[in-house]
Amino acid sequence: MSSPKSNKPKIVTGPGGYILQDVPHLVDYLPDLPTYPNPLQDNPAYSVVKQYFVDADDSVPEKVVVHKDGPRGVHFRRAGPRQKVYFESDEVHACIVTCGGLCPGLNTVIREIVSSLSYMYGVKRILGIDGGYRGFYAKNTIPLNSKVVNDIHKRGGTILGTSRGGHDTTKIVDSIQDRGINQVYIIGGDGTQRGASVIFEEIRRRGLKVAVVGIPKTIDNDIPVIDKSFGFDTAVEEAQRAINAAHVEAESNENGIGFVKLMGRYSGFIAMYATLASRDVDCCLIPESPFYLEGEGGLLEFIEKRMKENGHMVIVLAEGAGQELMSKSMESSTDASGNKLLKDVGLWLSQSIKDHFKKINMVMNLKYIDPTYMIRAVPSNASDNVYCTLLAQSAVHGAMAGYTGYTSGLVNGRQTYIPYYRITEKQNNVVITDRMWARLLSSTNQPSFLGPKDIPEEKKELPEKKPTVNGENSAGVVDIPPVTKEIAK
Ligand SMILES: Nc1ncnc2c1ncn2[C@@H]1O[C@H](COP(=O)(O)OP(=O)(O)O)[C@@H](O)[C@H]1O
Ligand SMILES: O=P(O)(O)OC[C@H]1O[C@](O)(COP(=O)(O)O)[C@@H](O)[C@@H]1O
Ligand SMILES: [Mg+2]
C-alpha cells in the first residue's frame, strides 16, 4: 500500500489477483480523529434492517464477467453506512455545488443530499453554493433545509444554478476554510470531477478535516467506470418524443426525411440508445463512428437507397458526429471550461442532403428537429429519481464515515466509492467494434460506413480474446483528446 500521506493511489491487493482501488480517508492525513457511533443505529427506519452497516471489507468488482482461470481483478469500496462516523451531527457544516451543463435529476440529487444529512444524520447546517465553482468566492450562499428542497425534484435544471469555467482552487479552498465547511458535495461531469480532485488535493495539503465528495453528472454518459449517469434514461426517453415527431413528419410528406440532432459531444450514447429504443430510426450517426458523404458506400448513397425503398426515413445524429467533415476554415473555439465548441453538424448535414437530392432531381422533404436543450431541461423520470436518491444517500454515508476524495457511483448495480483518478483518467465512449453498436446496425439495417482503416489494429488481430465489460461489451474507454481541455479561469 502506498504511503497514506502521499497522493499516490491507495491500492490493496489480496489472494487470487484481488485488487482494491481504495479511496482516501481523513485519517490518512489526520490520524488522531475521534470517532462516534453512527446515529443511524437509533433511526427507526433502519432498526428493522438485518445488516444495516456495510462490512468494512465489502467491495464491488469492476468486471462481473471473468474467465474461470482469470484473476479476481479490480474492486471498489462498497458504499453505505458504517458503524462509526467521523463527524458529530452538530459539527457538520455541509455545502452542495452543481457545475457544468444541465442534466435531468440535479435537483433530486440536491434534495436527497439535504434529506439524507438532515433525516439520517441530524445535520442542520447545509449551504447551497450559487452558480457552480465560481459561486464559492463570487456569490452569496443559499441556506438549504428539508423545507426549501421539498418540491425541487419536480423541476428541471438546478435550483443552485451552474456555470462553466471559474475554477480557482485557492479561492475555492479559502472559501471552504473561511466558512468552516467540512463536507463538500460536488455534482458535475468529467470537468467538475477534475476540479473536485484538485480541491481535495489542496484540502489534504492544508490538513483540513473536510470530506470532498463527487457525484457524477453527465447527460452524455461519458464518465467511465460507472454503469450509467443519472438523467441518462430520462434523456433517452425524452428523445423519443423528437424521434416520434420526426417519424410522423417523414411519413406524412412525399419522400420525407425526419432529421433529429441529439446531444453527445464525444460520446454517442444518447443517440445510440434513443435509436435502439425507437425502432423508427433508419440511420444513427455518432462521433465514434466515422462516415463519409459522397460515393459508393457513402451516407448520401444510403439515404437515396432507403428513400427509394421506403419513401421516407428518420436520421438521428449526435452533435459531435462528422465534425471532421465540415470546412476546416470554420473557426473552432472553446467554452469557459475549455471544452471545444462544436460546429453545427445538423444544419450542415441537412443542407448537404438537400443539395444532393436537388442535384439528382428527386423530390425530398427534410424536417430538421433540434431538441437538444429541451431534452436536458426536463425533470428526471421515476427510475432516475430512485437512482438519484441512492446516489445521494451513498455519498452522504461515505462522507460521514470519513471517506474523502471519491466519486460516488453505481458499478454493476451496486453503489461504490471510486477514487477520482479512475473517473478523470479516461472518457466513456461507444466502442463501435463491440456488440452494442453491432446490435444497433442490425436494428436500423444501416451500413457501418467504415473502411478497414477505421478499425483499430488490435481489434483486427484479437477479435475474441478481450474480456467483456459488464458481459455486454456495451461501453469502452478511450483517452480524452488532449485538445479538449484548457482551463479558463
Ligand atoms: N481540469 C480541471 N481542473 C479544474 N477544474 C476544472 C477542470 N476541468 C473543468 N473544470 C471546472 O469544472 C467545471 C465544470 O466543467 P465542464 O467541463 O464545464 O462541465 P462538466 O463537469 O459537466 O464536464 C467548470 O467550472 C470548470 O472550470
Ligand atoms: O451549451 P452548453 O451549456 O455549453 O452545453 C452544451 C454541451 O453540454 C453537454 O450536454 C455536455 O455537458 P457536460 O460536459 O457539462 O456534461 C453536451 O452534450 C453539449 O455539447
Ligand atoms: Mg463534460
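Order of listing sets the numbers, starting from 1, for every ligand and every atom in it. Residue numbers count from 1 along this sequence.
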J.: Can you name the residues that come within less than 4.0 Å of ligand 2, going by heavy atoms only?
T.: Gly100, Gly101, Arg164, Lys217, Ile219, Asp220, Met263, Gly264, Arg265, Glu319, Tyr373, Arg376

J.: Indicate yes or no for a side-chain donor-acceptor contact from Asn107 to the backbone of Arg155 under 3.5 Å, with no hydrogens or angles considered.
T.: yes

J.: Please identify which atoms of ligand 1 are closer than 4.0 Å to at least one heavy atom of Lys217.
T.: 22 (O)

J.: Could you tell me whether Arg111 and Asp151 make a salt bridge, using a distance below 4.0 angstrom between a side-chain N and a carboxylate O?
T.: no

J.: Does Glu237 offer a backbone N or O that forms a donor-acceptor pair with the side chain of Asn381 under 3.5 Å?
T.: no

J.: Give the atom numbers and elements of ligand 1 that come within less than 4.0 Å of a heavy atom of Asn339.
T.: 16 (P), 17 (O), 18 (O)

J.: Do ligand 1 and Cys99 have nitrogen or oxygen atoms that lie under 3.5 Å from each other?
T.: no

J.: Check whether any side-chain heavy atom of Phe76 sits under 4.5 Å from a side-chain heavy atom of Pro419, and report yes or no.
T.: yes

J.: When only distance counts, is Gly165 in polar contact with ligand 1, meaning an N/O pair under 3.5 Å?
T.: yes

J.: Cation over ring, Lys209 on Phe87, under 6.0 Å and within 45°?
T.: yes

J.: With nothing but distance in play, are any N or O atoms of Gly189 less than 3.5 Å from an N or O of ligand 1?
T.: yes

J.: Just jot down the ligand 1 atoms closer than 4.0 angstrom to any heavy atom of Tyr133, in number order.
T.: 11 (C), 12 (O), 13 (C), 25 (O)

J.: Under 3.5 Å between any N/O of Arg194 and any N/O of ligand 1: does that happen in this structure?
T.: no

J.: Is there a donor-acceptor pair under 3.5 Å between the side chain of Tyr133 and the backbone N or O of Thr192?
T.: yes

J.: Would you kindly specify which portion of Gln193 sits under 4.0 Å from ligand 1, judged on non-hydrogen atoms: side chain, backbone, both or neither?
T.: neither

J.: For a 4.5 angstrom cut-off between non-hydrogen side-chain atoms, does Cys103 reach Lys217?
T.: yes

J.: Below 3.5 angstrom, do we get any N/O pair linking Asp335 and ligand 1?
T.: no

J.: What atoms of ligand 1 come closer than 4.0 angstrom to any heavy atom of Gly191?
T.: 6 (C), 7 (C), 8 (N), 9 (C), 10 (N), 11 (C), 12 (O), 15 (O), 17 (O), 20 (P), 21 (O), 23 (O)

J.: Hey, is Asp28 close enough to Arg204 for a salt bridge, meaning N to O under 4.0 Å?
T.: no

J.: I'd like the atom name of the N/O/S atom in Asp190 lying closest to the Mg ion (ligand 3).
T.: OD1

J.: Quick one: are Arg376 and Tyr373 in side-chain contact, heavy atoms under 4.5 Å?
T.: yes

J.: So, using side chain to side chain donor-acceptor pair (under 3.5 Å) as the criterion, who are the partners of Thr275 when residues are at least two apart?
T.: none

J.: So if I count the atoms of ligand 1 from 1 in the order they appear, which ones are less than 4.0 Å from some heavy atom of Asp190?
T.: 20 (P), 21 (O), 23 (O)

J.: Is there a salt bridge (charged side-chain N to carboxylate O under 4.0 Å, His left out) between Glu201 and Arg205 once you walk through the steps?
T.: CA-CA 6 Å; Glu201 291 305 339; Arg205 198 188 62 76; over 6 Å; no

J.: So which of Gly100, Ser337, Gly214 gets nearest to atom 18 (O) of ligand 1, if we judge by its closest heavy atom?
T.: Ser337

J.: Within the side chain of Asn429, is there an N or O that forms a donor-acceptor pair under 3.5 Å with the backbone of Tyr266?
T.: yes

